[in-house]
Student: 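Following this message is one structure expressed as structure tokens.
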Amino acid sequence: MADALMIGILSAACAFVALYVRACTQISDS
Amino acid sequence: MTWQGGLQIATFAVLLTAAVRPLGAYIAGVVEGRLKWPQALLAFERGLYRLAGVDPTEEQGWTQYAVALVCFHFFGIVLLYGLQRVQGLLPLNPQQMGAVTSDLALNTAVSFATNTSWQSYAGETTLSYLSQMAGLTVQSFLSAATGIAVALALVRGFARRTSKTIGNFWVDLTRITLYVLLPICIVASLFLVVQGVPQTLGGYVDATTLEGAHQVLARGPVASQEAIKLLSGDGGGFFNANSAHPYENPNALTGLVEMLLIFLLGAPLTYTFGRMVGDQRQGWALYAAMAVMFLAGLAIVYWNEARPNPALAGLPVDQAAGPAQAGGNMEGKEVRFGVGQSALFANLSTASSDGAVNSMHDSFMPLSGLVLMGNMMLDEVIVGGPGSGLFGMLLFVIVTVFVAGLMIGRTPEYLGNKIGANEVKMAMLALLVPPLFILGMPAIATVLPAGLAGLNNTGPHGFSEILYAYTSGAATNGSAFAGLNANSLFYNLTLAAAMFAGRFLVIVPVLCIAGLLVAKGRVPPAMGTLPTHGPLFVAVLIGTVVIVGGLTFFPALALGPIVEHFAMAKGVLYASP
């Protein structure tokens, strides 16, 4: 359970980075 | 201050500066693929690409580069996390260490994959040899190579004309690891073994002391981890006491070599930068800016530590320098190294992203603690970690030419690249992410019981302990102020968040800038072009770094080390909680 929670937190953080990359792309294309 | 201390600092400065040119040129040769290697080594490199399904001739745009980097480290974190969780079932565990708790394992995995190496654990009582070697040491190599790769991608952005690509992440990672990190580490590890650092898979040793007491001596594969610990800017020691432990740092000579290793990649990268952009003076200008800031910080720390501690005045304590002792504020310092080497090591450790220690920073005088925190708060641009120092300084260069351009009414330019609004936005984004965590997290920790539970000091020093921890995490430094018990669910998770953000949310905009610059054509210098290789630009650059850092962090520092300094002068002391 604890392991699933930790991997979930890490996955959420990486998903945030993916959104962050996308946001930077949009800014750079503007 | 003693002449021995001055001699150590001068020796270090001369040796480091002498290494900048040859090593910088070598790194440039490696990443540009100009050096001739033995066929066997090239075949091994090609084999790695085939194994990974990578075409080394195919370059990537900045988004591909960033996604490859983040995915690679995501899997690295998961692997290191899993290794710690099942280490009790795996071999190379003579002390039969059990599974690391889930929150500590996540903190440690993020810590080493982000080149931070914040350690909420004691290595010799927590991790198996396999976890130390296949987990931490491997991540130290890979995180350092990633930092250098990102810096060189940004340099390509400045150097190339009208391109769409900034390099290939997998090729950069492989070449830097194979041809830069590994050779230096092999030589350094062998040197450390010769000097007495253990390198063994044998278990801990039961010893009987001269007084007849029983003592367990921890040992293990220390030398191989020690070399990359310092070179990579990771700083995570095999032992809890880090480079204050005699098995990690046996004598003054190993101390000097370890200090050189901390800056041995960061400093030469300025030369690599000059070589790749075709103007060596630009690289030396960055090196000069770093050197001036470093020496200023070192002078403050050494001066503060060489003086007697006023809180001990009137007590029967001899703090004067003499043949039998280094004198000054010796609390928390190794008597073998004294004040001079401790001040130098502490400055190197915090100015770089290394975070290794040979003395306890918590015991430094308040103004010294301010400098050590300041080194990290300035985005670690004073040489900094491998690669991260260079790209951090180039972010400040972009801000500097932007400010200077506003002052003289011209479009900002750097190395023939027009710096537009998007580049400045990305630079500011990268520079503002660490302060968000450095200032925001302590604000939360100081009002929550879970945050206050870890403190061993009250008053401004207690606040400094919390501020230092998040500064160290968000700046991916990893050194600890000590005095804060950070192995709790709250600190393990919040520090992991600070480290993750301080690494990846900075790297992404840096790569974006590289992508923006590389697509632009270069403009020839004109009459109004601001020279960026002279003393005036170096002074403006230093001013920008210090002012941005000062404006951002002065209020927080005022609540911690500054008020503690004045309280100490008044004789005000704070009780333990």
Side-chain angles (χ1 to χ4, degrees), chain A, chain B residues 61-67 69-71 73-78 80-82 84-86 99-107 109-110 113-114 420-426 428-430 433 489 492-493 496-497 499-501 503-517 519:
Chain A
M1 183 63 188
D3 291 323
L5 180 64
M6 295 302 151
I7 299 299
I9 291 171
L10 183 60
S11 302
C14 286
F16 179 78
V17 175
L19 291 173
Y20 187 75
V21 171
R22 194 174 167 193
C24 288
T25 311
Q26 287 175 346
I27 294 172
S28 67
D29 289 343
S30 65
Chain B
W62 84 263
T63 48
Q64 290 171 296
Y65 203 99
V67 169
L69 186 154
V70 173
C71 289
H73 285 291
F74 170 76
F75 288 110
I77 293 170
V78 171
L80 181 50
Y81 175 85
Q84 295 172 83
R85 293 291 285 156
V86 299
V100 179
T101 59
S102 58
D103 56 316
L104 178 58
L106 181 69
N107 180 286
V110 171
T114 57
N422 286 340
E423 288 86 347
V424 177
K425 281 180 199 168
M426 287 298 141
M428 289 312 300
L429 182 62
V433 166
L489 182 66
N492 279 334
L493 293 186
M499 293 184 282
F500 191 89
R503 181 69 166 176
F504 298 115
L505 300 192
V506 171
I507 280 178
V508 169
V510 168
L511 292 174
C512 183
I513 293 170
L516 287 166
L517 289 174

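Here the structure is a predicted model, which means the values were calculated and not measured. Order of the sequence lines sets the chain letters (A, B, ...), proteins ahead of strands, with each chain counted from 1. Every heavy atom of this structure was used, including side-chain atoms; hydrogens, water molecules and symmetry mates were not.
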Student: B:L511 versus chain A, heavy atoms under 4.5 Å apart: side chain, backbone, both or neither?
Tutor: neither
Student: Looking at side-chain heavy atoms only, is the closest gap between A:C24 and B:L429 below 4.5 Å?
Tutor: yes
Student: side-chain hydrogen bond (donor to acceptor under 3.5 Å, both in side chains) with B:T101: which residues, sequence neighbours excluded?
Tutor: B:D103
Student: If we only count heavy atoms from C-beta on, is the A:V21 to B:F504 side-chain gap below 4.5 Å?
Tutor: no
Student: Distance from A:M6 atom CE to B:I77 atom CD1, nearest 0.5 Å?
Tutor: 14.0 Å
Student: Show me, pair by pair, the donor-acceptor contacts under 3.5 angstrom made by side chains of residues 7-20 of chain A, not counting sequence neighbours?
Tutor:
| residue | atom | partner | partner atom | Å |
| --- | --- | --- | --- | --- |
| A:S11 | OG | A:I7 | O | 2.8 |
| A:Y20 | OH | B:L505 | O | 2.6 |

Student: Mind checking the NZ-CD1 spacing from B:K425 to A:I27? Nearest 0.5 Å is all I need.
Tutor: 6.5 Å
